[in-house]
Amino acid sequence: MASGDRGSDAASTATTAPVGAVRQLAASVPIRTAASGAQIAIPILAVAVTGDIALGALLVALALVPGIVAAPLVGAVLDRSHRPRAWMLAAAAGTAAAYLVAAALDPVPVPLVAVALAASGLLTPFGFGGLSSFLAADAGSGEAARRAYALDALSYNVSGVAGPAVVAVLAPLVGPRWALVAMAAMALASLVAYPLLPMRARETEPKPLLRSMASGFVALATHRPLAVVTASGTLAELGRGFLPIAALGIAIGAVGDATAGATIVTAFAVGALVGAVLEPLRRRAMRPHVTMLVGFALTGLATLAASLGVGLWWTIALVALSGLCTAAPTAAMLLLRRLESPDDVVAQVFTVGSALRTAASAAGTAIAGAMAGVDPLVLLSISGAIWVVSGATMLAFPRRAPAAA
C-alpha cells in the first residue's frame, strides 16, 4: 500500500493532473452534496409527515446553526490532531447516521430527530472548511495551489447545485424520506473517498485546546491579510443573502408568480457553477488579492445593472453574469486563507471563515426579509452595493501579496 500512498500524495499535490483533480473532487463533493441536499429534504419530509412548516424550518436551523458555533473547535481539533483523517471519517459517518435517524421521523420522535440533526450540524465544519484546509499543503503559492483551490471552489458549487437537484428529483419519485436516505448514503461515500486525499498532521508544537482556539482568533483578528480576506469574503455572502428575497419580489412584480423567483436564484447558481468549471483551466493573470477585488466588484456591478428595471429576462441574464464573476475571487479567497494562515491555525482559519460566510448569508436573507415591503429592485441594488464594498475591502490588503493567482 506504501507505493499507492506515494502515488496518491503525488497526484493530489499536483492537482493540475486529471487524476489529481478527480481524486480531490471525489473526496470533497459527496459530503458537501449530502449537506446541501439534506437542507432541502429535511423540511419537505417534516411537512409531509407532520404538516408543520415551522417544524421543518426549525429542523433545518438545527442542522445549520451548530456548525457556525462549532467551527473554531473543529478547526482547533484538526490543527492539533496527529490523525486528522480519522476525525474526518468519523464526522462523515456521524453525519450519515444523523440523516438516517432524521429520515425515520415518525416513528422516531421529533426530539430525537432534533438532537440528531444538531449533532450533524456540529460535524458540518469537518467536510467544509476543515477539508479545504488540507489542500495543496506542499504546493506553496504556485499554479498547483491556485488550481487546487479553484477545484475546491468548483466542489462547493457542484455540491450546492447537485444536492438540491437530487432531492428535487427523488422526493416526488420515492418520497422525501428516501431522498434523505440518499443524502446519508452520499455522506457514507466519503468513507471511501477521503483516503484518496492526503491529510497529514500539522508539524507544529502541540498546544492546549483552548489556547489553540485563542491563537486562531488572534490570527484572524490581528494578522492584517487574514482579517481583510475574511472581511471581504463575509461581506460578499451578506450581499448574496439578499438575492432570494429580492428575486421573489421581482418575479411577483414581473409575472405575478413568486415561483419565477427561483429562476433568478438558479441563474446565479448556474453562472457560478460555469465560472467554477472554467476557473481551474484559467492561467494566472492577477495576484489573488487583486482577483478578489476585481471579481467581487464585477459581481456587484452586474447585480447593480440587474437592479435597473431592465425586464425579467435581462435581470436573469445579468444575475447569471454576476454569478459567473464569483468563481475567480472565491478560489483566490480560499488560496489566500491557506497562504496567509500561520501553520498552527490553518484549519481554524478555514472553518471559522466558512462559518462567518454562512452566518452572513443567513443574515442577509433575514435583513432582506425584514425589508420585504421595500421595492425588490432596491433590495437587489443593496445586494450589488454590498458586493462592490466587498471587493473594495481588498484595497486594505498589504501590498506584499503572493504572486499566485
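Excluded from the calculations below are hydrogen atoms, water molecules and symmetry mates; all remaining heavy atoms, backbone and side chain alike, are included.
Listed by first and then second residue, the ring pair (Phe, Tyr, Trp, His ring centres under 6.0 Å) pairs involving residues 38-60 amount to none (not counting sequence neighbours). Among residue pairs with one or both ends in residues 79-105, those qualifying as salt bridge (Lys or Arg N to Asp or Glu O under 4.0 Å) are Asp79-Arg202; sequence neighbours excluded. Sorted pairs that involve residues 36-55 and meet side-chain hydrogen bond (donor to acceptor under 3.5 Å, both in side chains), not counting sequence neighbours, are lacking altogether. Sorted by first and then second residue, the pairs that involve residues 346-372 and meet salt bridge (Lys or Arg N to Asp or Glu O under 4.0 Å), not counting sequence neighbours, are Glu237-Arg357. For the ring pair (Phe, Tyr, Trp, His ring centres under 6.0 Å) condition, the pairs that include at least one residue of residues 351-394, sequence neighbours left out, are Phe296-Trp387.
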Could you pull out all donor-acceptor pairs under 3.5 Å where a side-chain atom in residues 225-234 meets a protein atom, sequence neighbours excluded?
unit_1	atom_1	unit_2	atom_2	d
Thr230	OG1	Leu226	O	2.8
Ser232	OG	Ser390	O	2.7
Ser232	OG	Ser390	OG	3.3
Thr234	OG1	Thr230	O	2.7

Cut-off 3.5 Å, no hydrogens considered: what does the side-chain donor-acceptor table look like for residues 53-62, sequence neighbours left out?
none

Sequence neighbours left out, cut at 3.5 Å: what donor-acceptor pairs do the side chains of residues 159-182 make with other protein atoms?
unit_1	atom_1	unit_2	atom_2	d
Ser159	OG	Ser155	O	2.9
Ser159	OG	Tyr156	O	3.0
Arg177	NH1	Ala103	O	2.7
Arg177	NH1	Leu105	O	2.9
Arg177	NH2	Leu105	O	3.4

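A heavy-atom distance below 4.5 Å is found between the side chains of Phe350 and Leu334. Counting heavy atoms from C-beta outward, Val74 and Trp87 have side chains that stay 4.5 Å or more apart.
With sequence neighbours left out, the side-chain contact (heavy atoms from CB on, under 4.5 Å) criterion links Asp375 to Leu377, Val378. Residues satisfying the side-chain contact (heavy atoms from CB on, under 4.5 Å) criterion with Thr263, sequence neighbours excluded, are Ile316. Contacts of Pro109 classified as side-chain contact (heavy atoms from CB on, under 4.5 Å), with partners at least two apart in sequence or in another chain: Pro111, Leu112. The ring-ring contact (aromatic ring centres under 6.0 Å, His included) search around Tyr99 returns none, not counting sequence neighbours.
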